[in-house]
Amino acid sequence: MYFEISKDLNLPQKEVFIFLRDKDKYMQKEGSPVLVLEQISEGPVGIGTRYREVVQMLPFYRGEILSIITRYEPYEYLEEDFSGAGMKGHLAYQFIDNNGTTELIQRESIFFAFPLNLLNPIIKRIFGQKILERLEEIKVELE
């Protein structure tokens, strides 16, 4: 399944990029499905940086997701491939400067393994809503 969603943020492109680049440095909001988020590779963030997440996907389903940064162009693009918890995918952020504000575009492809793939229509609706909520949370937190 594929998602593409954008959000305008009243912040400079650099600030929005740094916030998402340093995703493991911020506390998760109460009720977040992300229980653990940590950088597991050494050094500064760049291509090849690896992360580990423990997520509570559904009330009865907890899993681990490993990700790796695949595109890192400061202030313009940040992309990663991820796999685990019965899924794999690609997450891409594009940061567009609009005279001091930023248009943040999130593109995400997610593929679920059997038997979760049988629930694709339901999962797509839930994930689409969660992505919209997350972008709104980012907007509120940064502004």
Side-chain angles (χ1 to χ4, degrees), residues 1-9 11-98 101-143:
M1 76 189 59
Y2 178 77
F3 302 93
E4 182 171 326
I5 300 170
S6 69
K7 189 62 119 175
D8 292 318
L9 304 169
L11 287 159
Q13 177 183 27
K14 181 177 179 178
E15 287 183 39
V16 178
F17 178 88
I18 289 171
F19 179 81
L20 289 167
R21 177 198 68 193
D22 296 343
K23 65 183 182 175
D24 62 314
K25 307 272 189 287
Y26 300 98
M27 294 291 295
Q28 295 297 318
K29 181 181 170 191
E30 187 175 328
S32 170
V34 179
L35 305 175
V36 175
L37 175 55
E38 60 187 352
Q39 182 177 331
I40 57 173
S41 57
E42 300 280 326
V45 177
I47 293 176
T49 299
R50 295 180 179 279
Y51 294 94
R52 174 183 168 269
E53 292 180 62
V54 176
V55 295
Q56 186 78 44
M57 302 282 289
L58 300 167
F60 55 87
Y61 187 72
R62 181 182 287 195
E64 180 179 82
I65 299 172
L66 299 175
S67 61
I68 183 169
I69 301 291
T70 57
R71 184 175 184 185
Y72 184 86
E73 296 178 32
Y75 318 129
E76 294 185 15
Y77 294 95
L78 184 60
E79 300 185 18
E80 64 183 55
D81 288 334
F82 58 88
S83 63
M87 66 180 156
K88 65 179 180 176
H90 183 78
L91 171 62
Y93 291 112
Q94 182 178 3
F95 307 83
I96 300 171
D97 178 37
N98 289 326
T101 65
T102 305
E103 179 183 2
L104 173 62
I105 301 172
Q106 179 176 334
R107 297 175 180 96
E108 190 164 4
S109 299
I110 306 172
F111 305 95
F112 292 95
F114 183 82
L116 288 177
N117 65 342
L118 298 174
L119 302 173
N120 273 353
I122 296 166
I123 293 172
K124 183 169 178 118
R125 189 171 45 251
I126 292 169
F127 267 59
Q129 185 60 40
K130 291 294 183 189
I131 290 169
L132 283 170
E133 288 172 9
R134 178 65 181 134
L135 289 179
E136 186 59 33
E137 288 171 8
I138 290 168
K139 179 180 172 82
V140 168
E141 191 163 337
L142 289 176
E143 294 180 351

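Sequential numbering from 1 along the given sequence is applied to the chain's residues.
- Surrounding NZ of K88 are at most 12 heavy atoms belonging to other residues, nucleotides or ligands under 6.0 Å away.
- The minimum heavy-atom distance between Q13 and F95, with the atom names listed, is NE2-O, 2.8 Å.
- Closest non-hydrogen pair, K23 versus L37, comes out as O-CD2, 3.4 Å.
- Side-chain contact between I65 and M87 is present, with at least one heavy-atom pair separated by less than 4.5 Å.
- In plain terms, the two heavy atoms of D81 and T70 that are nearest each other are OD2-CG2, 3.3 Å.
- Contact record, L91 with F82: N-CE2, 4.0 Å, taken as the closest heavy-atom pair.
- Between G63 and A85, the closest heavy-atom pair is CA-CB, 3.9 Å.
- Distance OH/Y72 to CD1/I47: 10.0 Å, rounded to 0.5 Å.
- Of all non-hydrogen atoms in P12 and T102, the two that sit nearest each other are C-OG1, 3.1 Å.
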How far apart are the C-alpha atoms of Y75 and F17, what are their side-chain angles, what is the distance that settles it, and do they pass the ring-ring contact (aromatic ring centres under 6.0 Å, His included) test? CA-CA 5 Å; Y75 318 129; F17 178 88; 5.5 Å; yes
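- Taking CG of D22 as the start and CD of Q39 as the end, the distance is 8.5 Å to the nearest 0.5 Å.
- Residues Q106 and L104 have side chains not in contact (no heavy-atom distance under 4.5 Å, counting atoms from C-beta outward).
- Expressed to the nearest 0.5 Å, how far CG of L35 lies from CD of E53 amounts to 10.0 Å.
- A donor-acceptor contact closer than 3.5 angstrom links the side chains of Y2 and E4.
- Atom CD of E38 sits in a crowded spot, with more than 12 heavy atoms from other residues, nucleotides or ligands closer than 6.0 Å.
- Of the possible donor and acceptor atoms, none in the side chain of S6 sits under 3.5 Å from a partner among the backbone N and O of I105.
- Tested against H90, the residues R71, E80, E79, E108 include a single side-chain hydrogen bond (donor to acceptor under 3.5 Å, both in side chains) partner, E79.
- Side-chain atoms of S41 come within 3.5 Å of backbone atoms of R50 as a donor-acceptor pair (strictly under, hydrogens ignored).
- Distance alone, capped at 3.5 Å, places no donor-acceptor pair between the E103 side chain and the I96 backbone.
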